[in-house]
Structure formats: structure tokens, C-alpha cells
Amino acid sequence: MTQNTKIVLSSDHGAVDLRQKIATHISALGWEAIDIGPMTLESTNYPKHGEEAARRVASGECQYGIILCGTGQGIMMAANKIKGIRCGVCGDTFSARMIRAHNNANMLSLGARVIGEGLALEIVEAFLTSEFEGGRHATRVDMIEAMEA
Ligand code: RB5
């Protein structure tokens, strides 16, 4: 992943603070963070935020997405409904590397009520610095894509 890669970020109300910290961190590291909010703590519905971020990735406007809700689960489920999106929830750095290396994930989901800021930033870096290995893993990702046809 090159450092001028555009990364869309979104969340629900449960993860606004952590999302903004991640956006600041990845910008400082040289990636382009496109933070599409929400910017307030007003209660909101995670499916629409997962969908909006996922559509920006699926359209090619952004190359990767990072989305958050309380657990990371609901917003991940919404994002994965959009064709071309492969999004996984990660609570550890090994999984964050592997969803890139083996699953060619283009979105990462985090649970702001599950992990702390320090681990979240390490997971994000692991995701953004790992590359898809291709080969037999490409065959498997192709099988997932075939289900969308
Ligand atoms: C919102 O209360 C909460 O349900 C949401 O952030 C998320 O955890 C859903 O998966």
C-alpha cells in the first residue's frame, strides 16, 4: 500500500473519538484520511455509515476503509453487503495482517468498546502495511467474489 492511498473512515456515535484519533494518526504517517463522520455524539444508525464508507471503496474513490462501531460487528456486516467489499473485524494485529495477506480485505472494522486506543492504532498500522499474497489465496478470494455475481 503506497502512502498516498486514500482511506475512508466512518463510524457510529460509539466510536467518534477513536475514529478521529485514527484519522489523525494515519495522516501523520502519510496516508490520506478521508473522515466522513459523523462528527457529533448524537445517536445514529451504524448501517448507513458502513454503507457510505463501503460505497466509497467499492467505487474506487478510496482504496481502503476503516470503520468502527461499539463492537465493530454491526458496521462490518453492513459494509460487507456492498459488492466488492471484504471487511473483517480485528481485535489483534495478527488478524489485521492476515485479512490483508490472505483475504485481500479492503476494509477494516474495529470495536471502540472492545479495544483501547493503543491497540487500535497498532491494528490499523498492521492492516495498512500488509500486502495481499495472491496465489492460492487469490483463488479463494475469487470464490467469494463469484458469490456476488
Ligand atoms: C450501538 O449502541 C451499538 O449497537 C453499535 O455501536 C454496534 O456495537 C453494533 O454492532
Side-chain angles (χ1 to χ4, degrees), residues 1 5-132 137 140-149:
M1 199 175 298
T5 303
K6 282 187 185 163
I7 300 153
V8 62
L9 295 103
S10 192
S11 73
D12 73 359
H13 53 281
V16 172
D17 182 55
L18 181 57
R19 190 197 73 234
Q20 290 175 335
K21 284 178 172 148
I22 292 169
T24 300
H25 186 70
I26 64 177
S27 296
L29 292 174
W31 286 292
E32 187 174 349
I34 313 286
D35 188 350
I36 60 171
M39 300 304 174
T40 74
L41 299 179
E42 187 182 341
S43 183
T44 184
N45 300 317
Y46 60 79
K48 68 177 180 181
H49 300 294
E51 178 185 1
E52 191 179 347
R55 289 202 186 282
R56 295 206 189 204
V57 175
S59 71
E61 178 187 337
C62 296
Q63 287 70 53
Y64 295 93
I66 299 173
I67 52 178
L68 307 91
C69 63
T71 59
Q73 302 290 352
I75 200 164
M76 174 273 291
M77 292 177 197
N80 276 322
K81 294 295 181 190
I82 304 303
K83 189 172 185 213
I85 295 304
R86 290 176 300 282
C87 181
V89 180
C90 291
D92 63 274
T93 56
F94 177 76
S95 297
R97 282 200 310 276
M98 296 308 281
I99 65 168
R100 287 286 309 125
H102 285 191
N103 312 119
N104 201 14
N106 46 19
M107 295 187 73
L108 168 69
S109 185
L110 299 168
R113 294 174 182 158
V114 181
I115 57 172
E117 179 187 340
L119 179 56
L121 297 181
E122 289 193 6
I123 289 170
V124 165
E125 281 190 51
F127 178 79
L128 294 178
T129 57
S130 299
E131 296 293 341
F132 182 47
H137 304 297
R140 294 162 186 166
V141 171
D142 287 348
M143 290 170 73
I144 295 173
E145 286 191 346
M147 293 181 214
E148 295 178 331

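In listed order, ligands and their atoms are each counted from 1.
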**Student:** Gly14: heavy atom below 4.0 Å from ligand 1, yes or no?
**Tutor:** no
**Student:** Considering non-hydrogen atoms of the protein only, which is the closest contact for atom 5 (C) of ligand 1, and what is the distance?
**Tutor:** Asp12 OD2, 3.2 Å
**Student:** Please report the shortest heavy-atom distance between Ile22 and Ile66, naming the atom on each side.
**Tutor:** CG2-CD1, 4.3 Å
**Student:** Do ligand 1 and Thr71 have nitrogen or oxygen atoms that lie under 3.5 Å from each other?
**Tutor:** yes
**Student:** Side chain to side chain donor-acceptor pair (under 3.5 Å): which pairs involve residues 83-97, sequence neighbours left out?
**Tutor:** Arg86-Glu145, Asp92-Ser95
**Student:** With only distance considered, is Gly74 within less than 3.5 Å of ligand 1 through an N or O on each side?
**Tutor:** yes
**Student:** Does the plane of the ring in Tyr64 sit parallel, tilted or perpendicular to the ring in Phe127? Use 30° and 60° as the thresholds.
**Tutor:** perpendicular
**Student:** Please determine whether a side-chain nitrogen of the Lys or Arg among Arg56 and Glu52 lies less than 4.0 Å from a carboxylate oxygen of the Asp or Glu.
**Tutor:** yes
**Student:** Which residue holds the protein heavy atom closest to atom 4 (O) of ligand 1, what is that atom called, and what is the gap in Å?
**Tutor:** Tyr46 CE2, 4.4 Å
**Student:** What is the closest protein heavy atom to atom 7 (C) of ligand 1, and at what distance does it sit?
**Tutor:** Cys69 SG, 3.3 Å
**Student:** Can you sort out the partners of Asn106 under side chain to side chain donor-acceptor pair (under 3.5 Å), two or more places apart, ordered by chain and number?
**Tutor:** none
**Student:** Below 3.5 angstrom, do we get any N/O pair linking Gly70 and ligand 1?
**Tutor:** yes
**Student:** Start with the C-alpha distance between Thr44 and His49, add both sets of side-chain angles, then the distance that settles side-chain contact (heavy atoms from CB on, under 4.5 Å), and finish with yes or no.
**Tutor:** CA-CA 9 Å; Thr44 184; His49 300 294; 2.8 Å; yes
**Student:** Among all protein non-hydrogen atoms, which one is nearest to atom 2 (O) of ligand 1, and what is the separation to 0.1 Å?
**Tutor:** Arg113 NH1, 3.4 Å
